[in-house]
Structure formats: C-alpha cells, structure tokens
**Student:** 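Just dropping this structure here.
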Amino acid sequence: MSGSSHTDAVSKLQRLVRIPTVSYRDPGAIDRRAFDDFHAELAASFPLLHQHLERIEIHDHAVLYRWPGAAATHPVVLMAHIDVVPVEGEWQYPPFSAEIADGAIWGRGTLDDKGSLVAICEAVERMLADGVTPAQDVWLSFGADEEVSGDSAPLAVAALRERGVSPWFVLDEGGAIAHQAFPGVSAPIGVVGVSEKGVTSLELHAEGRGGHASTPARNGPTARIARAITRLDAAPMAPHLPEPTVELFRRIGAGVPAPLRPLISQATRMGPLFARALIAAGPEAAALVRTTFAVTTLSGSPALNVIAARAKAGVNIRVMVGDTVDEAIAHIRKVIADDEIRIDVLERNEPSPISPRDDAFALIESTISRLFPDAVPAPYVMMAATDSRFFTEICDRVYRFAPFRMTKEQRESIHSYDEHLGVDAFLDGIDWYRRLLEGLPA
C-alpha cells in the first residue's frame, strides 16, 4: 500500500477523532449534532463502503452495514462504537485535536474505539477498491451509546435476529497486542477475550437523624457508610481460575519469571496457590482471578456544618466467570454486617458465556500470528464490559480483540488522559482486519 494511502487513512481517523461524540447518561447532555457530523464525515471518508453496503439505521445514530459475500452460511459481525467518554485530566495535547506527535495520534477515542472503527472501514474500503468480495456476508455493527450501556447493541441484535442472521462469530473491541502485560514477561501477548466479567452497579444507603455538626452522635450515616466501605475493601471474594486464564498462562509460561514457571506448569492442579500468586502480582493480575468491588461515588451532607441525614456509596462490581451477581451481593451484605444499610441494585449483568476455541478462534489466532509474529496469541477473560455481551444471544462465538499494539501506559490512558494510538499500530490494524476478512472460509 502506498504512502499516500497510509497518510489518507490516518487523516480519516484524525477527522473523526476531532468530532466530540461524547456519551452521557442524561440524554439532554448529548450533542446530537456531533453524532450527525460523525456520520456525514464517515460517508465522505468511505464512499465505496456507503455505495456498496446496505446501511440500516438502528437507534440514535447506531447503524448496521451489510456487505454481501459469496455465501451467507457463516456470516460474521465486526463491531465498534462511535461514542467516547467525557474528557478528564491534564492532556499533553488537546483531547479532540487528533494531533500527531511522537509517532502517535493523540485524542479521545483513538483507542476506545474510533481506531478500530476506522481501521475496519478502511479495510473494507480497500477491498472494495480492489474488487474483492468476501467469502461470507460481513456485517458491521457500530453502536452509539456503548459507554453508557445504552440500547444500541440490544436493538442491533434484534435487527439481526429479525433478518435470520446467526453469526459464525462476532468480533468487538477488548484485547490487544499487549506489551508489558505481566511483570517479567517480555513478549507481547495477543489477548483475545473469550468472555467478559459481568458488570453490576449498586448503592449502599445509610440514614439517620442528621443535625448540627456541633453535636455529633456516634455511628451516623457517614460513619456507617465509611465502615461498610473499609470492611468491603478488607474482604474480597475468594479467587479462582477460569479455564481461559489457565490457558493464557500456559501459553506464556516460557516467558514468565522463573519462580512462577512451576506454578504455571501445574496451574490446574495448583489453582488456589497460583491464584494467590497472581493477586500478589498487582491489581491488573488480581482482577484476572476474582470478582472485584470498586467504590466509585460518595455523597453525604450538603454543607460542612450539617451532619448528614443520608449518606450513600456507589459500588461497581465486575463479576468473575464462575461467580454470580447474587453471590456478589450476598458477599457484600455479609461483610458489611449492617442490616440498617440498604442495598439498591441499579444494574446487573452476569458474566458472559465462554466462547469456544474452535475454527473461528483459530482464524483470529492465525491472523494475529501472521501480522504480529512476535506476539503470543492467547484467550483471556475481559475485565471491562463491551456491547458484544448482548450478541451472545444470537452467537456462541463472541470474541473481543483490537489489532493494535498497546503499551501498559496506553492501556491506562483508556477512559483517562493522554489516550493515543501509534500511527504504525493503526496501519497494522487495517492490514489485520483485511487479512481476517480475506481468510473467511467459503
């Protein structure tokens, strides 16, 4: 591919990153014109895609595209989302500038998830320009409210079901070519999510008399909420090793520090010991083996000289494969040991089913090996939530992988500040999606 084509692809991503398609839970806060502008720019950037693919509007700027293949026996769905989270923190470069510096494109959405969306579209556009027809029907599903767990994905699933589409596999964001994934592991890991944790959100509420701050009483609402938080923080749920995590470490076993190799070689038999070793390795590794609880919001009195009559804490739970939402809530109730604290469940999602490692996974795996020969492809349980969890209703093979090299620093920038995607990594991602589509079986 010529240098001018590479430059053109990067420019497309820059133009789309500059459009602030920010999601908010309050519909009134959303700039709908930004989403309109995004679709207009998408059509201008990818004219062949919009000429040759059927476009189906789903819901509030969410769309499906159907690319007819030579057959429709094994259709596939490639997913991405248009929306991004609000900006926070101090950025080196303006978050919607899409500035190129240090070999990277900087801006909100470069990694999550416009990089994947543009790479998918560019791969399709190039194949259309070359007169290539895929062996199977290809569906593109682009949601517009993924960051707020909106209705786009469930409605896309309903639209596909109405059309009788049973995908052979679905591929969404998630894993990556992860550098510095684990302490002491030198090789990058091409982690492909075969499941994802369930996301559940709840609030802890405590109530009391309140009053003037000059005459405080013991065990008021804020004190009880604080006590509940510290008890929960000190008593996590028991760890355990789901099969994909065992397989992940089996595959990278040769590259881990020597003291851990005996544990990894016997991970199934020595599961509890290995799980404890991962917990000791830090929060990222610990999250691979247990349900996590994060206290994310707190509120109490509206004034410094007023004792709160009501206090509450928001808790975000990521439910591990093998655990259930009910078990996680029961654990909270047990460890806080305060029947006067009310638990309100705001959102509940069980962990996703584990997708098989069969021919569809093998295609993804082999495409990783072809484009990233230094990486070790491996399954894993994804810790964040994606729109793809809804597609398990119509497909047994739901995978989560973005074909970009990402350092630990880059992964930490997602939903934070200084989000950026390497230019070369983006271009490799375009090639990866094309190879994947060209590899679909007849």
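Note that these values count all heavy atoms, side chains included, but never hydrogens, waters or copies made by symmetry. Quick caveat: nothing in here was measured; it's all calculated off a predicted structure.
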**Student:** Are the side chains of H39 and H61 in contact, using a 4.5 Å heavy-atom criterion?
**Tutor:** yes
**Student:** Tell me the closest heavy-atom pair linking F96 and V17, and the distance in Å.
**Tutor:**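 Taking F96 first and V17 second, the nearest heavy atoms are CD2-O, 3.4 Å.
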**Student:** Could you go step by step and tell me if H415 and E147 meet the side chain to side chain donor-acceptor pair (under 3.5 Å) rule?
**Tutor:** CA-CA 10 Å; H415 286 209; E147 297 294 3; 3.1 Å; yes
**Student:** With side chain to side chain contact (heavy atoms under 4.5 Å, CB included) as the test, would you mind laying out the steps for T324 and E350 before giving the verdict?
**Tutor:** CA-CA 6 Å; T324 68; E350 301 290 348; 3.8 Å; yes
**Student:** Return the minimal non-hydrogen interatomic distance between A375 and P377, and the atom names on each side.
**Tutor:**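 Closest heavy-atom pair between A375 and P377: O-CD, 3.4 Å.
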**Student:** Assess the residue pair R357 and E243 against the criterion (salt bridge (Lys or Arg N to Asp or Glu O under 4.0 Å)); give the C-alpha distance rounded to whole Å, side-chain angles, the decisive distance to 0.1 Å, and a yes or no.
**Tutor:** CA-CA 11 Å; R357 298 196 299 275; E243 188 278 334; 2.9 Å; yes
**Student:** Go through it in stages, so that I can follow the logic: the residues are R405 and D424, the test is salt bridge (Lys or Arg N to Asp or Glu O under 4.0 Å), and I'd like the CA-CA distance, side-chain angles, deciding distance and then a yes or no.
**Tutor:** CA-CA 9 Å; R405 293 185 184 272; D424 290 341; over 6 Å; no
**Student:** When you measure from the side chain of D31 to the backbone N and O of R33, does any donor-acceptor pair fall under 3.5 Å?
**Tutor:**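 Side chain of D31 to backbone of R33, a donor-acceptor pair under 3.5 Å: yes, one is there.
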**Student:** So, the side chain of N349 versus the backbone of V199: is there a donor-acceptor pair under 3.5 Å, distance only?
**Tutor:**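 Side chain of N349 to backbone of V199: a pair is present.
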**Student:** Just do the salt bridge (Lys or Arg N to Asp or Glu O under 4.0 Å) check on E125 and K12 with the steps written out, would you?
**Tutor:** CA-CA 12 Å; E125 190 81 1; K12 293 174 184 178; 5.4 Å; no
**Student:** Before accepting this row, confirm whether a basic side-chain N of the pair E327/K334 lies closer than 4.0 Å to the acidic partner's carboxylate O.
**Tutor:**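 Salt bridge absent between E327 and K334.
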**Student:** So, does S97 use its side chain to make a donor-acceptor pair with the main chain of Y93 at under 3.5 Å?
**Tutor:** no
**Student:** Please lay out, stage by stage, how S355 and R397 fare under the test side chain to side chain donor-acceptor pair (under 3.5 Å).
**Tutor:** CA-CA 5 Å; S355 297; R397 302 173 185 85; over 6 Å; no
**Student:** Under the 3.5 angstrom rule, does the side chain of R163 hit a backbone N or O of A159 as a donor-acceptor pair?
**Tutor:**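 At least one qualifying donor-acceptor pair exists.
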**Student:** State, yes or no, whether a side-chain contact exists between Y65 and I56 at a heavy-atom distance under 4.5 Å.
**Tutor:**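 A side-chain contact is absent here, since even the closest heavy-atom pair is not under 4.5 Å.
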**Student:** Just checking, is any N or O donor in the side chain of D323 or H240 under 3.5 Å from an acceptor N or O on the other one?
**Tutor:**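 Yes, H240 and D323 have a side-chain donor paired with an acceptor closer than 3.5 Å.
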**Student:** Is T230 close to L232 at the side-chain level, that is, under 4.5 Å between some pair of heavy atoms?
**Tutor:** no
**Student:** Testing the 3.5 Å rule here: is there a donor-acceptor pair between the side chains of H179 and Q410?
**Tutor:** no
**Student:** Looking only at the side chains, is there a donor atom on one of T21 and K114 sitting less than 3.5 Å from an acceptor on the other?
**Tutor:** yes
**Student:** Looking only at the side chains, is there a donor atom on one of D418 and S413 sitting less than 3.5 Å from an acceptor on the other?
**Tutor:**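 Their side chains do not contain a donor-acceptor pair, so the 3.5 Å distance test is not met.
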**Student:** Answer whether the closest heavy-atom distance between the side chains of L346 and L202 falls below 4.5 Å.
**Tutor:** no
**Student:** Run the ring-centre check on F401 versus W432 and record whether the distance is less than 6.0 Å.
**Tutor:** yes
**Student:** Decide, yes or no, whether a salt bridge links R161 with E393 under the criterion of side-chain N to carboxylate O below 4.0 Å.
**Tutor:** yes
**Student:** Are Y399 and P379 packed together at the side-chain level, in the sense that at least one heavy-atom pair is separated by less than 4.5 angstrom?
**Tutor:**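 When only atoms from C-beta onward are counted, P379 and Y399 do not touch, as no gap falls below 4.5 Å.
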**Student:** T297 side chain to G314 main-chain N or O, any donor-acceptor pair under 3.5 Å?
**Tutor:** yes
**Student:** Decide if atom CD of E409 counts as having more than 12 heavy atoms of other residues, nucleotides or ligands within a radius under 6.0 Å.
**Tutor:**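 12 or below, so no.
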**Student:** Spell out, as yes or no, whether a donor-acceptor pair under 3.5 Å connects the side chain of R318 to the backbone of N316.
**Tutor:**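 No.
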**Student:** Would you say the side-chain atoms of R290 pair up with the backbone N or O of M320, donor to acceptor, closer than 3.5 Å?
**Tutor:**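 No.
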**Student:** How many angstroms lie between OH in Y433 and SG in C121, if you round to the nearest 0.5 Å?
**Tutor:** 10.0 Å
**Student:** Ignoring hydrogens, what is the shortest heavy-atom contact between R15 and S45? Give both atom names and the distance.
**Tutor:** NH2-OG, 3.4 Å
**Student:** Might you confirm whether atom CG of D60 has over 12 heavy atoms from other residues, nucleotides or ligands at distances under 6.0 Å?
**Tutor:**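 Yes, CG of D60 has more than 12 neighbouring heavy atoms, counting only those of other groups under 6.0 Å.
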**Student:** Just so I know, are the side chains of F361 and P356 near enough to count as touching, which here means a heavy-atom distance under 4.5 Å?
**Tutor:** no
**Student:** How about H74 and D137: does a side-chain donor come under 3.5 Å of a side-chain acceptor?
**Tutor:** no
**Student:** Rounded at 0.5 Å granularity, tell me how far CG in L288 sits from CG in L248.
**Tutor:**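 Reported value, rounded in 0.5 Å steps: 7.0 Å.
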**Student:** If I take atom CD1 from residue I120 and atom CG from residue L78, how far apart are they, to the nearest 0.5 angstrom?
**Tutor:** 5.0 Å
**Student:** Check whether any side-chain N or O of D374 sits under 3.5 Å from a backbone N or O of P188 as a donor-acceptor pair, and report yes or no.
**Tutor:** no
**Student:** Examine distances only and state if a side-chain atom of T367 and a backbone atom of R435 form a donor-acceptor pair shorter than 3.5 Å.
**Tutor:** no
**Student:** Before accepting this row, confirm whether a basic side-chain N of the pair K312/D344 lies closer than 4.0 Å to the acidic partner's carboxylate O.
**Tutor:** no
**Student:** Which heavy atom in A9 sits nearest to a heavy atom in F426, and how many Å separate them?
**Tutor:** O-CE2, 3.6 Å
**Student:** When rounded to the nearest 0.5 angstrom, what is the spacing between CZ in R434 and CG in L371?
**Tutor:**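 Going from CZ on R434 over to CG on L371, the span is 12.0 Å.
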**Student:** Give the minimum heavy-atom separation between V423 and V10, together with the two atoms involved.
**Tutor:**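 It is CG1-CG2, 3.9 Å.
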**Student:** Would you please say whether a donor-acceptor pair under 3.5 Å links the side chains of H81 and D387?
**Tutor:**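 Per modelled atom types, H81 and D387 side chains form no pair under 3.5 Å.
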**Student:** State, yes or no, whether a side-chain contact exists between I177 and D428 at a heavy-atom distance under 4.5 Å.
**Tutor:** no
**Student:** Judged by modelled atom types alone, do S152 and E146 share a side-chain donor-acceptor pair under 3.5 Å?
**Tutor:** no
**Student:** Is it true that R32 and D36 make a salt bridge, defined as a side-chain N closer than 4.0 Å to a carboxylate O?
**Tutor:** no
**Student:** With side chain to side chain contact (heavy atoms under 4.5 Å, CB included) as the test, would you mind laying out the steps for V118 and L42 before giving the verdict?
**Tutor:** CA-CA 9 Å; V118 176; L42 196 68; 5.6 Å; no
**Student:** Are D172 and R389 ion-paired here, with the side-chain N under 4.0 Å from a carboxylate O?
**Tutor:** no
**Student:** Can you measure from CD (E122) to CG (L49) and round to the nearest 0.5 angstrom?
**Tutor:**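 One gets 10.0 Å once the value is rounded to the nearest 0.5 Å.
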**Student:** Hey, does L64 have a side-chain heavy atom less than 4.5 Å from the side chain of L140?
**Tutor:**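 A side-chain contact is absent here, since even the closest heavy-atom pair is not under 4.5 Å.
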**Student:** Take E196 and T386 through the test side chain to side chain donor-acceptor pair (under 3.5 Å) and record every step on the way to the result.
**Tutor:** CA-CA 8 Å; E196 61 185 57; T386 70; 2.8 Å; yes
**Student:** Can you check side chain to side chain contact (heavy atoms under 4.5 Å, CB included) on I332 and L204, steps first, answer last?
**Tutor:** CA-CA 10 Å; I332 292 175; L204 308 178; 4.2 Å; yes
**Student:** Is the CD atom of E57 crowded by more than 12 outside heavy atoms at less than 6.0 Å?
**Tutor:**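 Open.
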**Student:** Would R348 and D326 satisfy side chain to side chain contact (heavy atoms under 4.5 Å, CB included), going step by step from the backbone distance to the final call?
**Tutor:** CA-CA 9 Å; R348 56 184 298 148; D326 284 343; 2.8 Å; yes
**Student:** Write down the atom of V321, the atom of S195, and the distance for their closest heavy-atom approach.
**Tutor:** CG2-OG, 3.3 Å
**Student:** In Å and rounded to the nearest 0.5 Å, what is the CZ to CG distance from F404 to L421?
**Tutor:**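 Reported to 0.5 Å precision, the distance equals 5.5 Å.
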**Student:** Taking the side chain from D102 and the backbone from A104, do they hold a donor-acceptor pair closer than 3.5 Å?
**Tutor:**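 Here the side-chain-to-backbone pair does not exist.
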